[in-house]
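Structure first, then comments.
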Amino acid sequence: MADKEKTSSSRRMRVIDQDEGFNFAAYEADWQKFWNERRVKESERETAERRGSRKKFYALSMFPYPSGVLHFGHALPYTIIDSLARYKRMKGFDVLCPMGWDAFGLPAENAAIEAVRRGEKDVHPKTNTLANIAHMRGQMDKFGYSFDWEREVFTCKPDYYKWTQWIFLKMLDKGLAYRKKARVNWCPSCKTVLANEQVETIVKDHDEFQGCFRCGSKVEPKEIDAWFLRITDYADRLLDGLKQVEKDWSELVVTQQRNWIGRSEGVNIDFEVELRQGASGSGPLVPPNAAESKPVEHARLTVFTTRADTVFGVTYVAIAPEHPLVNRILELVDSRTHKRIADFVEETLSMTEMDRASGDEKEGVATGMYAVNPLNGEKVPLFVANYVLMYGTGAVMAVPAHDERDHEFAREYRLPIKAVIEPPADKRQTDSGRIVDVKRKAFCDYGILRDSGKYNGQQSEAAIKAIAADLKASGKGGPVVNYKLRDWGISRQRYWGCPIPVIHCEKCGIVPVPENQLPVLLPDDVDFLPTGQSPLTLHPDFQKTKCPRCGNTSARRDTDTMDTFVDSSWYWYRYTDAKNDKAIFDKEKAKHWCPVDLYVGGREHAILHLIYARFYTKFLHDLGLVDHDEPFTRMFTHGLIQGEAIKIVNEQMSRYVTAEQLEKLIAEGKAKPEDVTRRVEKMSKSKFNGADPTALVQQYGADTVRLCVLFMGPAEQDSVWDPQGILGTHRFVKRWHETILSSAPLVENLPDMDESCRMNPAAKALRHAAHMLIEKATQEYEGRYAFNTVIAKCMELVNDIRAFITAEKLEGVVKGAQDSSLASRWTLNEAFSILNRALAPIAPHTAEEANKALGGKGSIFDQPWPKADPAALVLDEVELPVQVNGKVRGTIRVPRESDAKALEAAALANEGVKKMMEGKTVKKLIAVPGKIVNVVVG
RNA sequence: GCGGACGUGGCGGAAUUGGCAGACGCGCAAGACUUAGGAUCUUGUACCGCAAGGUGUGUGGGUUCAAGUCCCACCGUCCGCACCA
């Protein structure tokens with residue numbers, strides 16, 4: 001009987017033919033036009049009115065580099081930020097959700113260079129970039145993103161980079177921008193300098209090396225004059241600031257930032273080096289006695305250590321090849337030692353710092369000089385060693401017994417190993433049960449001091465403090481803090497970037513371009529083919545200028561451009577006042593909108609961009625331009641969407657194929673399953689593992705794609721693109737749309753009613769489901785951001801609604817006040833309304849369409865976010881599981897308020913439970929009201 | 001080597017506070033409607049078993065009336081850092 005009913009109703013549900021009735025392309029375009037016109041009108045009455053009493057919400061996603069096409073790496077964050085912006089608007093917030101372009105940078109320049117080499121004419125990075133932007137803007141519009149385009153910023157346009165230059169001048173003024181000769185990382189392929197942060201470890205053909213983050217070429221060291229920003233001055237503030245944000249940023253980002261700053265507390269210890277004429281590093285390492293050779297001079301050598309407690313175990317001292325003392329030593333040593341040191345230094349310095357670090361052999365050269373340990377007066381040999389970096393003081397006291405690196409070096413060069421830390425009782429033995437022996441392996445944990453004079457018997461921690469204090473008292477060192485963070489090199493010898501606004505004058509030196517002459521325009525007519533020097537040096541006029549200070553006409557402009565990370569270190573402030581041509585931004589406007597409430601972006605920027613952005617914020621704060629110290633209250637890092645690449649390798653072929661090609665090849669016997677490897681990799685055309693979001697929008701509609709990227713899994717997690725998966729969300733959008741359109745007549749012209757109307761149990765259940773959805777959706781949009789689970793709940797509600805319509809036999813229009821189905825219709829209407837609003841942030845077009853179909857006027861975004869009725873959230877009766885010895889054996893239906901006693905009685909009366917209890921006695925009864933009953937029998 | 005995250009059906013994933021594991025979706029199977037179906041609808045779908053029932057959240061142990069969730073040890077995958085003294 002029930003089956004008959006279902007069949008007839010499912011037929012009725014099919015009233016709307018899918019192909020003709022579901023024209024998502026048309027309605028999506030209509031609504032986009034509608035929103036667009038509205039937004040423009042709204043922005044006209046901007047500011048004062050808008051900034052009224054409503055609370056603000058600044059929703060920001062990292063602006064893209066205009067690479068030319070929108071890909072999945074963009075679709076996810078923009079869908080997240082747009083959905084949350086729309087949600088917040090429904091919650092009554094005044095929302096700022098802008099978009100712009102990180103438009104300077106190498107790819108555009110490289111593309112132009114390639115084009116020139118191919119012989120194309122009229123190619124220019126600017127043309128590429130602007131064309132790419134126009135194209136990507138069109139693609140974004142098709143997604144229905146509600147960005148504030150009136151505030152669009154382009155980092156490559158003079159009205160923006162004028163202020164990038166302005167900040168630079170302020171830094172120069174405060175001594176935070178400076179020029180120095182530096183050994184830099186040079187990418188021979190991009191022909192430019194890379195910041196330390198832009199160099200990464202690359203593994204290729206089992207070879208590990210330090211490479212360019214962009215093109216993967218092996219980086220080389222190069223000495224060059226370059227501009228640096230003194231970010232290290234802000235190290236402590238950058239570290240402290242993390243405490244403010246750590247609970248609302250992903251833990252990973254915070255730890256990475258912390259590690260990058262790399263604060264370490266230690267002790268500086270001054271050793272006195274006896275420099276002797278004609279010293280020799282060959283032969284036995286025995287300090288000469290005073291009679292043999294007098295030192296020509298004494299030099300102070302400061303070492304940095306975190307383990308001052310081991311200072312009595314020092315058996316040699318080592319300095320970095322870059323250490324300033326090396327030159328003086330070279331002047332004094334005998335010719336053989338001179339050659340050995342000089343060769344060694346040259347060889348080591350020809351490697352990049354990072355290659356040197358990844359080399360596995362520790363090497364060094366004895367200098368023939370000796371250093372005096374200030375605590376025990378011992379003389380120990382001084383080495384130049386490749387494993388010592390110019391970190392801290394560039395010199396270390398070596399304690400082979402208690403430091404692995406020193407241990408390795410000491411064994412290599414047969415240097416003494418002297419134990420001065422006794423392991424605590426529980427660490428006397430190694431994991432394999434052997435007694436700890438420092439001859440075999442360094443013991444690096446804390447312990448108790450021995451053979452350390454007056455510090456004998458102290459714990460390491462206490463000894464470190466005591467020794468530091470004593471050193472300070474005697475003027476031979478003291479506690480000190482070091483950082484791994486280095487100053488930020490921003491000079492780039494490339495064309496497509498922001499010019500550095502300074503002038504070099506023979507008489508006055510470095511002279512800032514006066515503020516009223518900003519911006520220093522980047523000329524268009526430049527030969528940008530890479531030569532290794534800045535393309536701007538080749539421009540006929542760019543350099544020529546007058547010194548603003550002395551008027552000297554042979555002064556010339558700086559020809560380097562800035563690292564593009566500079567451009568993006570302050571852009572979110574410009575959005576708050578994007579068209580201001582008098583100032584970088586209006587302080588009041590920035591104060592109103594900032595800090596950013598939610599910043600969405602990829603993990604790849606966890607260190608670089610975020611640390612620079614935070615640095616700039618602190619600087620703007622110090623200038624008095626912003627009142628906060630941290631720019632992004634909450635940072636949400638989304639995952640990467642990758643694709644599964646299928647590769648076939650056998651005698652006939654070695655190539656990537658699509659899933660269809662694979663099927664065909666296997667069917668034809670041209671490939672065997674064992675020839676196939678599947679790997680999840682970054683989407684790429686050549687690997688056939690990508691998907692073009694714009695093509696998908698065309699095929700399935702924006703709402704489908706938006707839902708799809710969020711439904712794939714938790715947004716912060718990486719996921720693998722499944723071409724089938726989109727069908728699921730597409731079906732859902734259709735079902736939702738169709739259900740509402742075909743059922744709208746059921747709820748037309750409903751008389752006024754409220755939740756007090758008499759609902760049958762099915763209606764109460766539906767109402768419960770709808771209001772639970774409000775709770776769920778609110779929670780997720782408010783901050784948990786597990787959008788996949790909201791979508792799942794919405795799908796459930798659609799299923800519930802359809803089942804409800806069928807079960808209640810709701811048909812036709814409202815038959816007046818006597819209609820017995822009024823309460824059910826009212827419930828249905830409310831469920832529709834809740835469903836549409838819950839989905840509106842993610843699938844706005846269909847939500848608008850559904851709202852209109854139900855007679856809604858204007859936009860669904862004018863409606864308030866729904867509020868759950870507490871009464872609807874609880875059911876009169878609940879179904880509880882009953883366990884016997886921890887296994888579910890039945891369920892009981894009981895009134896919601898039932899206490900433990902009632903639950904126990906109901907549980908024991910349950911048939912399934914009784915059956916399992918036969919012949920056994922009840923040992924214990926646990927009844928948790930609202931949760932579960934467990935009967936323990938034995 | 002150090003640090004972090006993760007491990008649940010054929011697949012993506014859910015289970016937010018220790019309380020019915022597998023929501024929702026994909027895929028698959030059967031059926032309905034169809035000239036047709038990558039459309040739509042219905043039903044089923046963790047595994048073993050005809051069934052009763054048993055087993056089950058990487059492995060092994062533990063705590064608990066009750067463990068995907070808490071504790072201990074191990075295995076595996078991914079990511080980050082990597083001579084920072």
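Excluded from the calculations below are hydrogen atoms, water molecules and symmetry mates; all remaining heavy atoms, backbone and side chain alike, are included. Every chain is numbered from 1, with letters handed out A, B, ... down the list of sequences.
A straight line from CH2 of Trp721(A) to P of G25(B) spans 18 Å, rounded to a whole angstrom. Protein atom CZ of Phe409(A) is 17 Å distant from nucleotide atom P of C83(B), rounded to whole Å. Residue Gln257(A) contributes atom CD, which lies 16 Å from atom P of G80(B) at whole-angstrom precision.
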Let me have RNA chain B in dot-bracket notation, would you? Count Watson-Crick plus G-U wobble pairs, both distances under 3.5 Å, and use [ ] for pairs crossing earlier ones and | for inter-strand partners. (((((((..(((......[....)))((((((.......))))))(((....)))..(((((..]....))))))))))))....
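In the set A23(B), A85(B), C20(B), the nucleotide with an atom closest to the side chain of Glu796(A) is A23(B).
If you check every strand for non-hydrogen atoms under 4.0 Å, Val388(A) touches a base. Among the protein residues, Arg258(A) comes within range of no part of the nucleic acid, since none of its heavy atoms lies under 4.0 Å from any strand. In this structure, Arg731(A) reaches the sugar-phosphate backbone alone: every heavy-atom distance under 4.0 Å involves primed, P, OP1 or OP2 atoms, never a base.
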What pairs of nitrogen or oxygen atoms, one from the protein and one from nucleotides 63-66 of chain B, lie under 3.5 Å apart?
| from | atom 1 | to | atom 2 | distance (Å) |
| --- | --- | --- | --- | --- |
| C65(B) | OP1 | Lys924(A) | NZ | 3.3 |
| C65(B) | O2' | Asn934(A) | ND2 | 3.1 |
| C65(B) | O2 | Asn934(A) | ND2 | 2.9 |

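Here Asn373(A) pairs with Asn376(A) under the side-chain hydrogen bond (donor to acceptor under 3.5 Å, both in side chains) rule; sequence neighbours left out. Every residue meeting the ring pair (Phe, Tyr, Trp, His ring centres under 6.0 Å) condition with Phe383(A), not counting sequence neighbours, appears here in chain and number order: Tyr316(A), Phe409(A). Listed by chain and residue number, nothing satisfies the salt bridge (Lys or Arg N to Asp or Glu O under 4.0 Å) test with Asp703(A) (two or more places apart in sequence, or in another chain).
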Do nucleotides 5-16 of chain B as a string where each nucleotide becomes B, S or -: B if the base has a protein heavy atom under 4.0 Å, S if just the sugar-phosphate does, - if no protein is that close. -------BSSSB
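One finds no side-chain N or O of Lys734(A) lying less than 4.0 angstrom from the OP1 or OP2 phosphate oxygen of A39(B). Within the 4.0 Å cut-off from OP1 or OP2 of G80(B), not a single side-chain nitrogen or oxygen of Gln256(A) is found. When the side-chain nitrogen and oxygen atoms of Arg889(A) are compared with OP1 and OP2 of C20(B), none of them lie within a distance under 4.0 Å. Contact between the side-chain N/O atoms of Lys915(A) and the OP1/OP2 oxygens of G53(B) is found at a separation under 4.0 Å. Considering only side-chain N and O atoms, Lys931(A) lies nowhere under 4.0 angstrom from the phosphate OP1 or OP2 of U17(B). OP1 and OP2 of A85(B) both lie 4.0 Å or more from every side-chain N or O belonging to Tyr387(A).
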Would Thr348(A) and Tyr387(A) satisfy side-chain hydrogen bond (donor to acceptor under 3.5 Å, both in side chains), going step by step from the backbone distance to the final call? CA-CA 10 Å; Thr348(A) 311; Tyr387(A) 77 95; over 6 Å; no
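Put simply, the side chain of Arg411(A) gets close to the backbone of Arg440(A): a donor and an acceptor are under 3.5 Å apart.
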